[in-house]
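Below: one structure, written as structure tokens.
This one's a predicted model, so the numbers in the text were calculated from it and none came from an experiment. Just so it is clear, the values below take in all heavy atoms, side chains as well, and ignore hydrogens, waters and symmetry mates.
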Amino acid sequence: MDKNDKIFNSDFGDNTLELYGEAAGENFLPAVNNSFFDGSFFGVRAVFVISYFDDLIYLGGSTILTLAERKAEIFVICANLPSEEQKKELFAALKILNVHPDKIIFGNFKKNPERFREDLKKILIELDSNIIFYPAFDSEPDYKNLSVTIDEIFGEIFKETDYRPEIYKKFIAATGFKAPPDFYDLNLLSTKKPSPEICKMIDRSGYEWKYRSRFPVHLTGRDPVLNNSKLAEIALNFSTLRKNKNYLRAFNADEIFFERRTDNKILSAKISATSGNVDRLTDFKTSDDSGKKFLWQPDENDSEKKLTVEWEEPIQIFQIRIYGNFEDEETASVSQKFGLSPDNKITLENGRTFFLTEYSSKFDIKAFGEMTILDEGGIFAKSLEIQIEECGKNFGISEIEIFSSAERIRKILPFIKLTATQQDEFFYSYNLPSEIKSLVIGVYRFHVDEPIKITAKSDDEVILNEIIYSYERLTLNFGNAAEVFISAEVIGNPGIYDEAIIRRIGKPARLGIKARQWIDRLSGGN
């Protein structure tokens, strides 16, 4: 069919809707960009560990596209051995991503988990990659088991070597093929928080939804139709995905990961306790329901219930994170005491200076394994004592993390992303009914603390020019504007920016979009 052949024609009042093949979508994706897509990843090596051959899209299809286009070296490790036909499908999908067949590694996790574990540890050390993506503790047993196994491997690696990659974990089932079927909306929507029935681990054991990392999606994946989408082209290489079509549930305006920092200073400390196995505090595991012990739990008859952490030289402590037992419904009352170094001095208004040698505080460890975060302001300490004063019968600590810097230097650089509505939807080209006169907008920050300037223009007229300092939202009033171009830029760092367009469209145009989506369903959607 020629791209100018008319494929849909409908009268609506005095207006006629016309869709013309490819031309119908020519102006749907405007020229907007984000600094996330601009930076070079040359020299960066990223590893994506998938459980099955067709998990590629669910783990991070858009992120693979972005990293590969920006010259990162991509390796894919498939934990479970596919058939020869399935291998061909995976190779074909990765060819679109410019991932060479030599950089695909197959394992046999289900049939020989111990051999897989041994081999994967060697591979991860040998690859020495900068960034690792792998499944989180999801609702499906296969993802749970793989997540726990890789956590255990990294727990060993961190104790044995200085290797400290960036780690991002993904709920493949809960935010992928079990996500809401909301692809065919007026706009591409952001990933929705899974319900407890879908995944009980959300908001437990370091997977708090409010701390999720949200990555912008690849430039060809933002239109709520499959036409011209590389993500769809990749997904349709897999016969399993073509049949069940659940892959559409994973196509959103953002990709969601949970970051695990690896610069944990407790790894260089001596840890002791009045009772219980302290090795479990540094095994990198925050969850495991396989029956394995993964918690430090003091004995019931231990009257002190105390942990002691000691360093040979003083370290600066900005933040402490404590992960409890994700099955524990109760909070625990805790006191902590720092043995401080002479670097902690206080100068009074009269000029008198004195030195702190000890500092104590009390806090509660949260229920259900939710992260307890303690901001310590950069104190210098040689030791830390944590004493459990009151706790329930299921109490335990799965992991303690101590950080000497507020943020580590990352290969994935800081970025920002404009959001719309009270739900903070990521948006690129945003369609809005013309009768709506205003829109709430904000900015998502990925490790950005500086003020951000937001400018909105209609033609050459500036209709919004504001500076926001945190996560506050603004109300954009449209007046008579039909199309608004919005830009956001970090003050003092114009290299961190985002752009978007809002189009206020009438009912005929909205019906036109729905018609395109209807045609799209017939040709490959669900």
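- Between the CD1 atom of Ile123 and the CD1 atom of Ile105 there is a distance of 4.5 Å, given to the nearest 0.5 Å.
- The 12-atom threshold is not exceeded at CG of Asp449, counting heavy atoms of other residues, nucleotides or ligands nearer than 6.0 Å.
- Between Phe395 and Ile365 there is a side-chain heavy-atom pair separated by less than 4.5 Å.
- Residues Ser383 and Glu310 have side chains that never bring a donor and an acceptor to within less than 3.5 angstrom of each other.
- In this structure, Arg212 CZ and Tyr207 OH are separated by 16.0 Å, a value rounded to the nearest 0.5 Å.
- A salt bridge is absent between Glu208 and Lys366; no separation between the charged side-chain nitrogens and carboxylate oxygens falls under 4.0 Å.
- Side-chain contact of Ser129 with Tyr163: a donor-acceptor pair under 3.5 Å is present, judged by distance alone.
- Under a 3.5 Å cut-off, the side chain of Trp296 and the backbone N or O of Ala273 do not form any donor-acceptor pair.
- With sequence neighbours excluded, the residues that form a side chain to side chain contact (heavy atoms under 4.5 Å, CB included) with Glu390 are Ser333.
- In this structure, a donor-acceptor pair under 3.5 Å is present between the side chains of Asp38 and Tyr497.
- The number of heavy-atom neighbours closer than 6.0 Å to NZ of Lys453, taken from other residues, nucleotides and ligands shown, is 12 or below.
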Q: Apply the test side-chain hydrogen bond (donor to acceptor under 3.5 Å, both in side chains) to residues Asp364 and Thr331: give CA-CA distance (whole Å), side-chain angles for both, the deciding distance (0.1 Å), then the verdict.
A: CA-CA 6 Å; Asp364 288 340; Thr331 60; 4.7 Å; no
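- Using the six-membered ring where Trp is involved, Phe415 and Phe446 have ring planes that are parallel, under 30° apart on the 30 and 60° scheme.
- When every heavy atom of Glu126 is checked against every heavy atom of Arg45, the shortest pair comes out as O-NH1, 4.5 Å.
- Atom CD of Glu160 sits in a crowded spot, with more than 12 heavy atoms from other residues, nucleotides or ligands closer than 6.0 Å.
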Q: Run the numbers on Gln336 and Ser361 for side-chain hydrogen bond (donor to acceptor under 3.5 Å, both in side chains), then give the verdict.
A: CA-CA 6 Å; Gln336 67 176 0; Ser361 64; 3.1 Å; yes
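- In terms of the side chain to side chain contact (heavy atoms under 4.5 Å, CB included) criterion, Asp162 has no residue partners (sequence neighbours excluded).
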Counting only pairs under 3.5 Å, give me each side-chain donor-acceptor contact of residues 133-140, with atom names and distances, residues two or more places apart or in other chains.
from, atom 1, to, atom 2, distance (Å)
Tyr134, OH, Asp151, OD1, 2.5
Asp138, OD1, Ala174, N, 3.3
Asp138, OD2, Ile172, N, 2.7
Asp138, OD2, Ala173, N, 2.7
Ser139, OG, Ile198, O, 3.4
Glu140, OE2, Lys178, NZ, 2.5

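- Ring planes of Phe177 and Tyr143: tilted class, angle from 30 to 60°.
- With 3.5 Å as the limit, one finds a donor-acceptor pair spanning the side chains of Glu401 and Tyr323.
- Judged purely by distance below 3.5 Å, without hydrogens or angles, the side chains of Ser51 and Asp142 never pair a donor atom with an acceptor atom.
- We find that Lys417 and Glu425 are not joined by a salt bridge, their nearest charged nitrogen and carboxylate oxygen being 4.0 Å or further apart.
- Residues Val217 and Phe37 come closest through the heavy atom pair O-CZ, 2.7 Å.
- Taking a cutoff of 4.0 Å between a charged side-chain nitrogen and a carboxylate oxygen, Asp119 and Arg115 qualify as a salt bridge.
- In this structure, Arg410 forms no cation-pi arrangement with Tyr168, as its terminal cationic atom is not both closer than 6.0 Å to the ring centre and no more than 45° off the ring axis.
- The closest side-chain heavy-atom distance from Phe258 to Trp209 is below 4.5 Å.
- Under the 6.0 Å distance and 45° angle rule, Lys121 does not count as a cation-pi partner of Phe154.
- Of the options Tyr58, Phe106, Phe238, a ring-ring contact (aromatic ring centres under 6.0 Å, His included) to Phe53 is made by Phe238 and by none of the others.
- No more than 12 heavy atoms of other residues, nucleotides or ligands shown are found within 6.0 angstrom of CD1 on Ile409.
- Annotation: side chain to side chain contact (heavy atoms under 4.5 Å, CB included) contacts of Ser470 (sequence neighbours excluded): Glu472.
- Partners of Lys200 under the salt bridge (charged side-chain N to carboxylate O under 4.0 Å, His left out) rule, at least two apart in sequence or in another chain, are Glu327.
- In this structure, the side chain to side chain contact (heavy atoms under 4.5 Å, CB included) partners of Asp424, at least two apart in sequence or on a different chain, are Arg214, Thr419, Arg473.
- Across all their heavy atoms, Ser213 and Glu259 have their closest contact at OG-CB, 4.0 Å.
- Shown here is Lys159, whose NZ atom has more than 12 heavy atoms of other residues, nucleotides or ligands within 6.0 Å.
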